Protein chains: 2
Amino acid sequence: MARKTGSHSEITGPKVRDAALRLFARHGYAAVSMRQIAREVGVQAGALYLYTKDKQSLLFDLMRTHMDELLAAWAATPKGSTPLAQLEDFSRFHIHFHLDRPDAVFIAYMELRNLSDANFATLEALRREYERELERILEAGHAAGMINVPDTRLATMAVIAMLTGVNTWYREGGRLSQDAVADIYWDMVRGAVGA
Amino acid sequence: MARKTGSHSEITGPKVRDAALRLFARHGYAAVSMRQIAREVGVQAGALYLYTKDKQSLLFDLMRTHMDELLAAWAATPKGSTPLAQLEDFSRFHIHFHLDRPDAVFIAYMELRNLSDANFATLEALRREYERELERILEAGHAAGMINVPDTRLATMAVIAMLTGVNTWYREGGRLSQDAVADIYWDMVRGAVGA
DNA sequence: GTCTATACATGGATAGAC
DNA sequence: GTCTATCCATGTATAGAC
């Protein structure tokens with residue numbers, strides 16, 4: 001017997017996270033009230049606390065989920081056998097993954113300051129883990145003589161900044177497709193690391 | 001006759017902006033209250049309104065001043081005669097200027113959402129003006145056959161993102177000096193644009 | 001120029017009815 | 001599971017004394 005009303009936990013929970021994601025991305029965590037989120041979802045403010053402990057947990061869950069998905073998606077990506085091929089894989093993966101979820105990416109970068117100390121530490125660890133994936137590729141490429149960078153750590157930061165920067169200007173349906181952008185950026189990444 | 005007390009406008013005004021700059025950078029515009037700023041300055045909250053129309057104007061003044069200084073500093077920078085030399089000049093200038101004012105840079109990138117529509121439009125125009133400086137260099141280099149980029153606009157965004165990214169990890173007194181970082185990044189910029 | 005006092009709105013979060 | 005009602009803290013901004 002299907003329940004007629006009440007008990008929308010399976011539907012309302014995701015709706016709360018969706019609304020929070022969009023509003024936090026648009027206006028910033030501190031500028032968004034629980035009442036705004038509730039209005040967007042179509043419930044009263046008090047009802048939100050059935051789906052999240054508090055506002056901070058709501059933010060942390062969104063960021064944590066994003067980083068988990070990022071690491072899982074990269075782990076599941078087929079990779080070439082040479083460091084150079086892997087660098088290309090990483091570059092294309094990063095651009096596509098990030099362009100597909102602009103709101104989550106925006107929050108993950110902008111709202112770190114609004115996390116509690118413990119939550120911040122957790123997020124930082126996940127971010128370092130992701131950076132480390134690229135750094136390992138660059139180290140291997142350097143060891144194999146395939147790329148030429150004076151400092152692997154700086155090259156890691158430079159490449160990630162360059163690739164993530166696409167999110168600041170790319171608009172779906174614009175002049176270039178995601179693939180065209182990825183082609184061009186892969187060229188620039190390759191040049192930057194002297195490959 | 002020097003005034004003994006009262007009339008500290010010439011001192012308190014800058015102190016208000018300094019405190020706001022630091023607090024906005026650390027906690028975010030929306031998360032900082034006028035009371036916090038006042039406490040930092042050592043006055044009562046009401047007294048702040050002698051130095052700023054409202055909180056929004058305080059933010060806008062900080063961002064506007066930063067962009068004005070950026071454009072003025074670049075205009076005053078001696079530049080080489082070839083596009084390649086100018087690209088190097090730009091890269092080094094950008095890194096040094098940005099590393100010297102991390103708080104202002106952070107705010108200029110993070111708090112755009114919190115500007116009123118009119119203020120946002122003004123800031124955007126200044127930002128585009130700065131980007132245009134780099135784009136002109138890349139166009140000239142491309143025309144002269146000195147650099148090789150498939151898309152000048154994308155190369156502009158990529159280079160700026162890469163260079164600005166330094167601010168996310170650089171710490172004064174760390175492993176590398178500003179000059180050492182600029183050397184390495186200039187190498188990577190040169191490679192990225194195929195020079 | 002700075003203070004205290006205050007108007008007034010809005011914030012996060014909880015209690016208890018239904 | 002959602003509602004109304006409410007507690008209480010905090011926010012921006014202004015008025016008027018000194």
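This one's a predicted model, so the numbers in the text were calculated from it and none came from an experiment. Residue numbers begin at 1 in each chain, while the letters A, B, ... track the order of the sequences.
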Visitor: Reckon B/S33 has a side-chain N or O less than 4.0 Å from the OP1 or OP2 of D/dG11?
Guide: yes
Visitor: Name the nucleic acid region contacted by B/V41, choosing base, sugar-phosphate or nothing; use a 4.0 angstrom heavy-atom cut-off, strictly under.
Guide: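 No contact.
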Visitor: Can you tell me which residue among B/W74, B/Y185, B/Y130 is in a ring-ring contact (aromatic ring centres under 6.0 Å, His included) with B/H94?
Guide: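 Checked B/W74, B/Y185, B/Y130 against B/H94; only one passes ring-ring contact (aromatic ring centres under 6.0 Å, His included): B/Y130.
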Visitor: Rounded off to whole Å, could you give me the CG-to-C1' distance for the B/L50 and D/dT14 pair?
Guide: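 The answer, rounded to whole Å, is 12 Å.
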Visitor: Is A/E88 close to A/R190 at the side-chain level, that is, under 4.5 Å between some pair of heavy atoms?
Guide: no
Visitor: Please state how far atom CG in A/L48 lies from atom C1' in C/dG12, giving the value in whole angstrom units.
Guide: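 In whole Å, C/dG12 C1' and A/L48 CG are 11 Å from each other.
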Visitor: Round to the nearest Å and state the distance from A/D54 atom CG to C/dG12 atom C1'.
Guide: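 Atom CG in A/D54 sits about 9 Å away from atom C1' in C/dG12.
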Visitor: Could you state the atom-to-atom distance from CD of A/Q36 to C1' of C/dG12 in whole Å?
Guide: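 From A/Q36 CD to C/dG12 C1': 13 Å.
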Visitor: Separation of A/Y49 atom OH from D/dC3 atom P, in whole Å?
Guide: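 After rounding, the gap between these two atoms is 15 Å.
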Visitor: Measure CD/B/Q44 against P/D/dC18 and give the value in whole Å, please.
Guide: 16 Å
Visitor: Can you check the B/K15 NZ to C/dG1 P distance for me, whole Å?
Guide: 14 Å
Visitor: Roughly, in whole Å, what's the span from NZ in A/K53 to C1' in C/dT14?
Guide: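 Checked: the NZ to C1' distance equals 13 Å.
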Visitor: Can you check whether B/Q178's main-chain N or O pairs, donor with acceptor, with B/Y170's side chain at less than 3.5 Å?
Guide: yes
Visitor: Using the side-chain heavy atoms of B/R35, tell me which of these nucleotides is nearest: C/dG12, D/dG11, C/dC3.
Guide: D/dG11
Visitor: If you look at every heavy atom in A/I147 and A/V193, which pair is closest and at what distance?
Guide: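 Reported closest heavy-atom pair: CB-O, 3.4 Å.
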